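These numbers come from a predicted model, not from an experiment. Computation of the quantities below employed the complete heavy-atom set of this structure, encompassing side-chain atoms and omitting hydrogens, waters and symmetry-equivalent molecules.
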Amino acid sequence: MAAAVTAAVSLPYSNSTSLPIRTSIVAPERLVFKKVSLNNVSISGRVGTIRAQVTTEAPAKVVKHSKKQDENIVVNKFKPKEPYVGRCLLNTKITGDDAPGETWHMVFSTEGEVPYREGQSIGIVPDGIDKNGKPHKLRLYSIASSAIGDFGDSKTVSLCVKRLVYTNDAGEVVKGVCSNFLCDLKPGSEVKITGPVGKEMLMPKDPNATVIMLGTGTGIAPFRSFLWKMFFEKHEDYQFNGLAWLFLGVPTSSSLLYKEEFEKMKEKAPENFRLDFAVSREQVNDKGEKMYIQTRMAQYAEELWELLKKDNTFVYMCGLKGMEKGIDDIMVSLAAKDGIDWIEYKRTLKKAEQWNVEVY
């Protein structure tokens, strides 16, 4: 036999209004012998016929129980050729006028037809055609609202989008197709939505977990969804009693996204929520170095390392692709003090679903 072991939306700078893994361990594959009759056996020396029957019993599958909130999760309900068509309900700029670039918070209607979880993403298919006369390809965006949405009725989904505008090598101003389409949307406009997709960034099931969130810029989106569920909502089947620790890196203080919301959460649950900003163009550390997210984390390096040695600590990273290397640089020396190879240890964390990365 197999043996088992066992709210209201707070939007600063608004200039628009709304319309251990549990695994079943099974015994290895074994041979089962069935007793059969012997026919034509001669004890006088002549060889007769002996029939034996051997059957192989295939082992039961090892069932992995995820540490994340993945029960009945929906993925890819809507595809690019048949997207869900929602409407823009709200679209407002949430960065200051002197910020390097614009970031907008937008809310779309779904009427409950796009059932998503905190940490998932949706695709957006912008209107129009490309230079080859074909429909534009979809772009994926991390969802910035909890599963019940900003309005608490499970009928909306929110995004946090930075308008992409840059000058190429030829001196031409280039505008990102999808980001500009989204940032220019007016309330009432239609928007084509695909998905939802993704399981990497799902929240842990354990309501007593330590959740360390590392975000840069619009990488804050999934963490806003986490934190709303943790601190702004009440659920019969989930009440967060652990530690949520957010590190957010931005270039200027006018680029701090959802700052007022996070400060309200900290005021509401000071024992359960820690908040650290890294403002690279305005802050420096004791050595005079610019305050990037890894620079801020280095100030708590020993504490973070101790947390990472616990089996109920989950790290989530979302934002610019280069941020993970900076964090690796901090952890390599700390792990080495304990005789641990950080890169190998990080692989172990990933396998245990405790190190989760979504960068771009």
Side-chain angles (χ1 to χ4, degrees), residues 9 11 73-80 83-95 101-110 113-128 135-150 155-166 175-187 189-203 213-229 248 250 255 257-258 261 316-321 323 356-360:
V9 186
L11 300 170
I73 190 169
V74 175
V75 294
N76 293 317
K77 180 179 179 182
F78 294 98
K79 307 291 181 63
Y84 176 82
V85 180
R87 289 189 178 276
C88 177
L89 302 179
L90 177 149
N91 198 6
T92 186
K93 185 160 73 83
I94 55 173
T95 46
E102 298 177 4
T103 300
W104 292 67
H105 179 87
M106 54 204 67
V107 182
F108 305 139
S109 66
T110 65
E113 294 298 319
V114 186
Y116 61 88
R117 297 283 179 82
E118 295 83 3
Q120 285 194 290
S121 301
I122 55 170
I124 300 294
V125 182
D127 289 349
H136 288 299
K137 294 182 178 179
L138 70 85
R139 304 294 194 277
L140 288 176
Y141 292 91
S142 298
I143 295 170
S145 52
S146 71
I148 64 174
D150 285 354
K155 294 183 178 181
T156 66
V157 62
S158 301
L159 298 181
C160 173
V161 179
K162 183 174 182 179
R163 186 190 296 275
L164 177 61
V165 181
Y166 66 95
K175 294 184 176 181
V177 173
C178 199
S179 68
N180 280 270
F181 165 74
L182 287 171
C183 292
D184 289 336
L185 279 177
K186 305 297 181 186
S189 301
E190 291 187 345
V191 58
K192 295 188 283 292
I193 299 170
T194 67
V197 298
K199 296 182 180 180
E200 173 76 8
M201 300 290 284
L202 296 176
M203 293 177 67
M213 297 158 282
L214 316 174
T216 56
T218 55
I220 191 61
F223 307 140
R224 180 180 185 265
S225 75
F226 286 16
L227 293 166
W228 267 60
K229 182 172 185 177
L248 174 60
V250 294
S255 304
L257 307 175
Y258 310 111
E261 289 184 5
Y316 295 85
M317 187 182 309
C318 188
L320 299 175
K321 193 172 185 179
M323 66 187 293
N356 307 279
V357 179
E358 190 171 86
V359 293
Y360 42 84

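Nearest heavy-atom pair across Cys183 and Asn91 is O-ND2, 3.4 Å. Closest of all the heavy-atom pairs between Ser145 and Tyr116 is OG-OH, 2.9 Å. Closest approach of Leu138 to Gly123, counting heavy atoms only: CD1-CA, 4.2 Å. Here the shortest heavy-atom pairing between Cys160 and Ile94 reads SG-CD1, 4.4 Å. His136 and Val125 make their closest contact through O-CG1, 3.6 Å (heavy atoms, listed as atom of the first residue, atom of the second, distance). Leu214 and Phe223 get closest at one heavy-atom pair: O-CE1, 3.4 Å.
The shortest side-chain heavy-atom distance between Met106 and Leu182 falls under the 4.5 Å cut-off. The closest side-chain heavy-atom distance from Met201 to Gln120 is not below 4.5 Å. Annotation: side chain of Asp150 is in contact with side chain of Ser158 (closest heavy-atom distance under 4.5 Å). With contacts defined as side-chain heavy-atom distances shorter than 4.5 Å, the pair Ser142/Cys318 qualifies. Side-chain contact between Lys93 and Thr95: present, with at least one pair of heavy atoms (C-beta onward) separated by less than 4.5 Å. Put simply, the side chain of Phe108 reaches to within 4.5 Å of the side chain of Leu185, judged on heavy atoms. Inter-residue side-chain proximity for Ile122 and Val157 is flagged as met; some heavy-atom pair is nearer than 4.5 Å. Side-chain contact between Val191 and Cys88: absent, with no pair of heavy atoms (C-beta onward) separated by less than 4.5 Å.
We find that Lys155 and Glu113 are not joined by a salt bridge, their nearest charged nitrogen and carboxylate oxygen being 4.0 Å or further apart. Taking a cutoff of 4.0 Å between a charged side-chain nitrogen and a carboxylate oxygen, Lys175 and Asp184 do not qualify as a salt bridge. Salt bridge annotation for Lys162-Glu102: absent, with no cationic side-chain nitrogen under 4.0 angstrom from a carboxylate oxygen.
We find the CD-CH2 distance between Glu261 and Trp228 to be 5.5 Å, quoted to the nearest 0.5 Å. For the atom pair Lys199 NZ and Ile73 CD1, the distance stands at 6.0 Å (nearest 0.5 Å). The structure places CZ of Arg224 at 11.5 Å from CD of Glu118, a figure rounded to the nearest 0.5 Å. Atom-to-atom distance recorded for Ser225:OG and Arg117:CZ is 12.0 Å, nearest 0.5 angstrom. The CG atom of Leu159 lies 10.5 Å from the CG atom of Leu140; values are rounded to the nearest 0.5 Å. Note that CE of Met213 and CG of Leu227 are 4.5 Å apart. Values are rounded to the nearest 0.5 Å.
Within the 3.5 Å criterion, the main-chain N or O of Cys178 finds no donor-acceptor partner in the side chain of Arg139. Using modelled atom types, one side-chain atom of Glu200 and one backbone atom of Val357 make a donor-acceptor pair closer than 3.5 Å. Although no hydrogens or angles enter the test, the distance criterion places a donor-acceptor pair under 3.5 Å between the side chain of Tyr316 and the main chain of Leu202.
The only option from Tyr141, Tyr360, Trp104 that meets the side chain to side chain donor-acceptor pair (under 3.5 Å) definition with Thr218 turns out to be Tyr360.
In this structure, Tyr258 has its ring center under 6.0 Å from that of His105.
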(request) Take Ile193 and Val85, measure what side-chain contact (heavy atoms from CB on, under 4.5 Å) needs, and give me the verdict at the end. (result) CA-CA 6 Å; Ile193 299 170; Val85 180; over 6 Å; no

(request) Take Asn180 and Val165 through the test side-chain contact (heavy atoms from CB on, under 4.5 Å) and record every step on the way to the result. (result) CA-CA 8 Å; Asn180 280 270; Val165 181; 4.1 Å; yes

(request) For side-chain contact (heavy atoms from CB on, under 4.5 Å), just list the numbers for Asn76 and Val197, CA-CA rounded to whole Å, side-chain angles, deciding distance to a tenth of an Å, and then say yes or no. (result) CA-CA 6 Å; Asn76 293 317; Val197 298; 3.1 Å; yes

(message) Let's go through Met317 and Glu358 carefully: what are the C-alpha distance in whole Å and the side-chain angles of both, what is the deciding distance for side-chain contact (heavy atoms from CB on, under 4.5 Å) to 0.1 Å, and is it a yes or a no?
(response) CA-CA 6 Å; Met317 187 182 309; Glu358 190 171 86; over 6 Å; no

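The side-chain hydrogen bond (donor to acceptor under 3.5 Å, both in side chains) search around Ser146 returns Glu233, not counting sequence neighbours. Shown here are the side-chain contact (heavy atoms from CB on, under 4.5 Å) partners of Thr156, two or more places apart in sequence or in another chain: Leu89, Val107, Phe151, Asp153.
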